[in-house]
Number of protein chains: 4
Amino acid sequence: MSVTKPTVNKTAEIDAGKDRRAELLAAAAEVFVAKGFHDAKVSDVVTAAGVAQGTFYLYFKTKADVLLQLVNDCCLDIIGALAACSQVKADCRDPKQLRESNVAFLIDLFNLLENKHQAVKVVLSGQTGVDTAIDRALAELKSVLVEISKANLEAGMASGIIRKLDSTIVAEAVVGMIYHIAFERFVLGRRLGVSIRQLAEELVDFELDGIAAE
Amino acid sequence: MSVTKPTVNKTAEIDAGKDRRAELLAAAAEVFVAKGFHDAKVSDVVTAAGVAQGTFYLYFKTKADVLLQLVNDCCLDIIGALAACSQVKADCRDPKQLRESNVAFLIDLFNLLENKHQAVKVVLSGQTGVDTAIDRALAELKSVLVEISKANLEAGMASGIIRKLDSTIVAEAVVGMIYHIAFERFVLGRRLGVSIRQLAEELVDFELDGIAAE
Amino acid sequence: MSVTKPTVNKTAEIDAGKDRRAELLAAAAEVFVAKGFHDAKVSDVVTAAGVAQGTFYLYFKTKADVLLQLVNDCCLDIIGALAACSQVKADCRDPKQLRESNVAFLIDLFNLLENKHQAVKVVLSGQTGVDTAIDRALAELKSVLVEISKANLEAGMASGIIRKLDSTIVAEAVVGMIYHIAFERFVLGRRLGVSIRQLAEELVDFELDGIAAE
Amino acid sequence: MSVTKPTVNKTAEIDAGKDRRAELLAAAAEVFVAKGFHDAKVSDVVTAAGVAQGTFYLYFKTKADVLLQLVNDCCLDIIGALAACSQVKADCRDPKQLRESNVAFLIDLFNLLENKHQAVKVVLSGQTGVDTAIDRALAELKSVLVEISKANLEAGMASGIIRKLDSTIVAEAVVGMIYHIAFERFVLGRRLGVSIRQLAEELVDFELDGIAAE
DNA sequence: AATGAATGAGCTTTCATTCAT
DNA sequence: TATGAATGAAAGCTCATTCAT
């Protein structure tokens, strides 16, 4: 049926479809963050999006499906961005450069999270157990972060710029730290009285030098 | 007949009541961890506990109530234990002592979590949005950890053993790190190839000295 | 087992049993009036009676059974009393005597209702549809009242002291009037500012002479 | 396609909605009369209406809500009708006119009750204690009847057409009589062998002249 | 006789999903 | 595509009744 339609219409339709889909996705993110996935009703989402109940099912197979797409889209974006900005760090030699590249990385990450806003909140609030595909996507994102961290630690150890340590444990620790801080700031909205840059610098200082004096 | 019942029986009866409650609590923890609170049915819990549906409601007002009690019990226990073991650190003077008291604290905490087992899994998996009382208890636990951490950081800064830093941010970072590691190990069961002692030592090394060489 | 017990004990037991039964009956009446049969729980009744849940079932087969016994007891009492006091009227000749015997009858009836108190409230609130036996008892009571009224009307017509009328309709009307007034006074507690005697006199005036002047 | 729908269809749709509600209301009345509110299940109502369980909750908030609406609708209708037909009586001067206006009023009332059929049965069977709003509506209806009756009695006394009497008590008695007769005829179906006109005349004779000869 | 913990059938209500229009 | 009324499976919770002590 759609095959016989002129291209112009087809494009218009697709665009309209994309808009609708995007609207629903945005509305869903908003509602899921506000009430949590389980307490959010499909009717809440369609009300927020200003469409009818049935329209939801033109774009998503099930209620879980919209969460999956939300998480997938967001995770893929973040993973993509991480891949881009994490390569800078890999070959730094001196401590100052290490500090700077780490700070730059965190600032990039935090800005990314800040812009994604609602979708990020959904990802960070860790809606687990809804669907194995979602669990996989969330695990994948965390795993990518851990891998980046671990790879950097090992490269640094090889080049002598980082002390000998258990890269697995420390990578997990670093990622846990970042997730927690990101959750506080981007989901709960607790800015802790600092800008993104200040936050990144403080965290990198902690990561590199620890808390001990000297 | 009932008049002549020895005290022992009476005690046994009371214990039976406590046992039932404990059995249901344990079964609920198990089921909540396995399926998540929302997907867990009361019928799952009673089946796991081997009692009838109605029996559940002799001990708990609602399905959310059992989660609340689980979380409350567990959080109170942990907070109590933390209060006890966190005081050692407060007045240490030299770096070696600082390291040791931190390691001891983490070992105590991890052992506590390991023993509480299922209830801890429930607490750590962060079942949020079910009940404001539950949210409050979980927030309280985290807040206590952050406060302990912050107080220690500030005491250490005052005595010169800890460098100047933003105690709020670093305390959050440390707690995020611990939560994440605890979640990995005690909920997901990823032991990362180390004992609790090794884990604690590695984390304290990271916390005190960071990752930078020298 | 009870056969081998000495008579004294047996009597004591029976009395105790009667007391318990009476206590439960009284408690049930109270609770049924306060909450209505359907909203009243067996647990409310036993709590009010100060006995354990299981004890209820030593004296009554089901929850409906206690209502049945309450209604039966009360209806039988009233019917018995009615039979006694209604015979006076039957053979009165002159108008003054008719008025007096009617007033006396109503006073007797109202006093009876006032004394039965709670049980009467149960009967008058017309708990219908719980059990066919209960429906039958309530219908029987009303039917007896209607029959008395009808017989008196017909006797009066025969003796010329009462005008020609449809004894069935008027008997129903009279009974409806009495039920309604009794309900207002003995269930809802609206005394309408008069004593039982005044009430009876006013009603008999209305019954005999109607409202028209002259 | 839907864009081109003629207005007629839109109306049809709205009517469908009204019809559904009316169907459910009718089915509920039927079921409530047959089994009583408490023993009637929502599943009985939807089965009687030929719709699915969930459909019930598209039109009514709860099971009690449908009873409330039934009672409210019916009571309001009756009160409205009463207001209209009760004014005729107010200023009648001679006995014959008084009798005729009273008969006319009762005939109007009985016809109204006969037409409302099932809903009236629900109202007259006095489903009490389900919801305070329902209790209020039923009390309001009775109160209106009593007030009308009382006002007429007092007007009649003032104009000398009605003898001196306690208008409160007599008004209650008259309303009790009417309720009882209406219940017998319109709920239980006992027609007592007379037409509505005959019934009204007999009752008015009784009301005006009482039972005494002469 | 008295207890009260345990039972489990059965109810109301919710809400994701469908489908005729 | 869009609609929204209708669906019905499923879940939480209640409470009359039982029974071992």
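We name chains A, B, ... by the order of the sequence lines, and we start the count at 1 in each one.
L24(B) places its CG atom 12 Å from the C1' atom of dA6(E), with the value rounded to the nearest Å. One can place CG of D131(A) at 15 Å from C1' of dA16(E), the figure rounded to the nearest angstrom. Rounded to an integer number of Å, the gap from D39(C) CG to dA16(F) C1' is 15 Å. Rounded to whole angstrom, the span from the NZ atom of K35(A) across to the P atom of dT14(E) amounts to 13 Å. Distance, K63(B) NZ to dT14(F) C1': 18 Å, rounded to whole Å.
The aromatic rings of F32(B) and F37(B) sit perpendicular, their planes meeting at an angle over 60°, well past the 30° parallel limit.
Residues Q69(C) and D73(C) bring no donor and acceptor atom of their side chains to less than 3.5 Å of each other.
Proximity of Y57(C) to the phosphate of dA2(E): no side-chain N or O atom is located under 4.0 Å from OP1 or OP2. Contact check, R20(C) against dA2(E): a side-chain N or O comes under 4.0 Å of OP1 or OP2.
In this structure, the nucleotide among dA9(F), dA6(F), dC13(F) sitting nearest to the side chain of Q53(D) is dA9(F). Checking dT3(F), dT7(F), dT3(E) against every side-chain atom of T55(D), the shortest atom distance belongs to dT7(F). For K41(C), the side-chain atoms get nearest to dC15(F) when compared with the rest of dC15(F), dA6(F), dC13(F). Candidate nucleotides dT7(F), dG12(F), dA16(E) were compared by shortest atom distance to the side chain of V42(B), and dG12(F) ranks first. Here the side chain of Y59(B) is nearest to one of dT1(F), dA6(E), dT13(E), namely dA6(E).
Atom CG of L25(D) is separated from atom CD of Q118(D) by 11.5 Å, given to the nearest 0.5 angstrom. In this structure, NZ on K116(C) lies 15.0 Å from NZ on K121(C), to the nearest 0.5 angstrom.
With a 3.5 Å ceiling on both atom-pair distances, the Watson-Crick or G-U wobble partner of dA2(F) is dT21(E).
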